[in-house]
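Note sheet for the following structure.
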Amino acid sequence: MAIRKILTEPDPFLRQISLEVKKVDNEIRKLMDDMLETMYEAPGIGLAAIQIGVPKRVIVIDLSKEEEKKPLYFINPEVIVKSENNSTYEEGCLSVPGQFAEVDRPNECHISYLDYNGQKKELKAEGLLATCIQHEIDHLEGILFIDYLSKLKKNYIVKKLSKQKKVLERIVV
Ligand code: GNR
Ligand code: NI
């Protein structure tokens, strides 16, 4: 397993639409293992492959707070049904470091996907899991949570992050 670098906004890579996985093989499982390790180290509760620069429809999530890890793997996730009623969560994103904002999303979603072994599965999620799944599926479409904020708030965040990046580049290079 390996910890990979997480891309941060602004980065055109994050705006790519990720491609369907044709075959769940050891390469995909290695990718998911690396994603999980990268996510735990960050730390975060979810990660989409594009966040480490791999444009494939692969997501990992772990909402467990205890010592015992409960990783969830989703390949080619598709939303079947979303609830009418929304809920609001304060969201953050490992690709938008240090920034948090309230986002409204359907409170429940029913999805289909392939699991770690390539088996077709379905899941009805609600609450934080539903929010996290929708946040990650957005990444597969090149969407970030800041896209739901007002232009003013979004521009402010993007400008702040680009400045931070410029400062970091000068230090690192
Ligand atoms: O770590 C994360 N926390 C989080 C909190 C509220 C809603 C969504 C998330 S996902 C985020 C990790 C991440 O950036 N996943 O793409
Ligand atoms: Ni994110």
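Ligands are counted one by one from 1 in listed order, and the atoms in each one are counted from 1 as well. The analysis underlying the following values was restricted to heavy atoms, covering all of them including side chains, and did not include hydrogens, waters or symmetry mates. In this text, all values refer to a predicted model and were calculated from it rather than measured experimentally.
For the pair Lys69 and Tyr40, the cation-pi test (distance below 6.0 Å, angle within 45°) is passed.
Side-chain contact check for Asn107 and Tyr89: no donor-acceptor pair (N or O, by modelled atom type) lies under 3.5 Å. Asp138 and Tyr148 form a side-chain donor-acceptor contact under 3.5 Å, judged by distance and modelled atom types alone. Side-chain atoms of Glu122 and Ser112 form no donor-acceptor pair, as typed in the model, at a separation below 3.5 Å.
Counting only protein N, O or S atoms closer than 2.8 Å to the Ni ion (ligand 2) gives 3.
Leu128 places a side-chain heavy atom less than 4.5 Å from the side chain of Leu63.
Using a cut-off of 4.0 Å between Lys/Arg side-chain N and Asp/Glu carboxylate O, Glu141 and Arg57 are scored as salt-bridged. One finds a salt bridge joining Arg4 and Asp34 here, because a Lys/Arg side-chain nitrogen approaches an Asp/Glu carboxylate oxygen to under 4.0 Å.
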Can you list every pair where an N/O of ligand 1 is under 3.5 Å from an N/O on the protein?
residue	atom	partner	partner atom	Å
ligand 1	1 (O)	Ile45	N	3.1
ligand 1	14 (O)	Gln51	NE2	3.3
ligand 1	14 (O)	Leu94	N	2.8
ligand 1	15 (N)	Gly46	O	3.1
ligand 1	15 (N)	Glu136	OE1	3.3
ligand 1	15 (N)	Glu136	OE2	2.7
ligand 1	16 (O)	Gln51	OE1	2.8
ligand 1	16 (O)	Gln51	NE2	3.4
ligand 1	16 (O)	His135	NE2	3.2
ligand 1	16 (O)	Glu136	OE1	2.7
ligand 1	16 (O)	Glu136	OE2	3.0
ligand 1	16 (O)	His139	NE2	2.8

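Screening Ile80, Ile133, Val81 against Ile111 for a side chain to side chain contact (heavy atoms under 4.5 Å, CB included) leaves a single residue, Ile133.
Atom-to-atom distance recorded for Arg15:CZ and Ile50:CD1 is 11.0 Å, nearest 0.5 angstrom.
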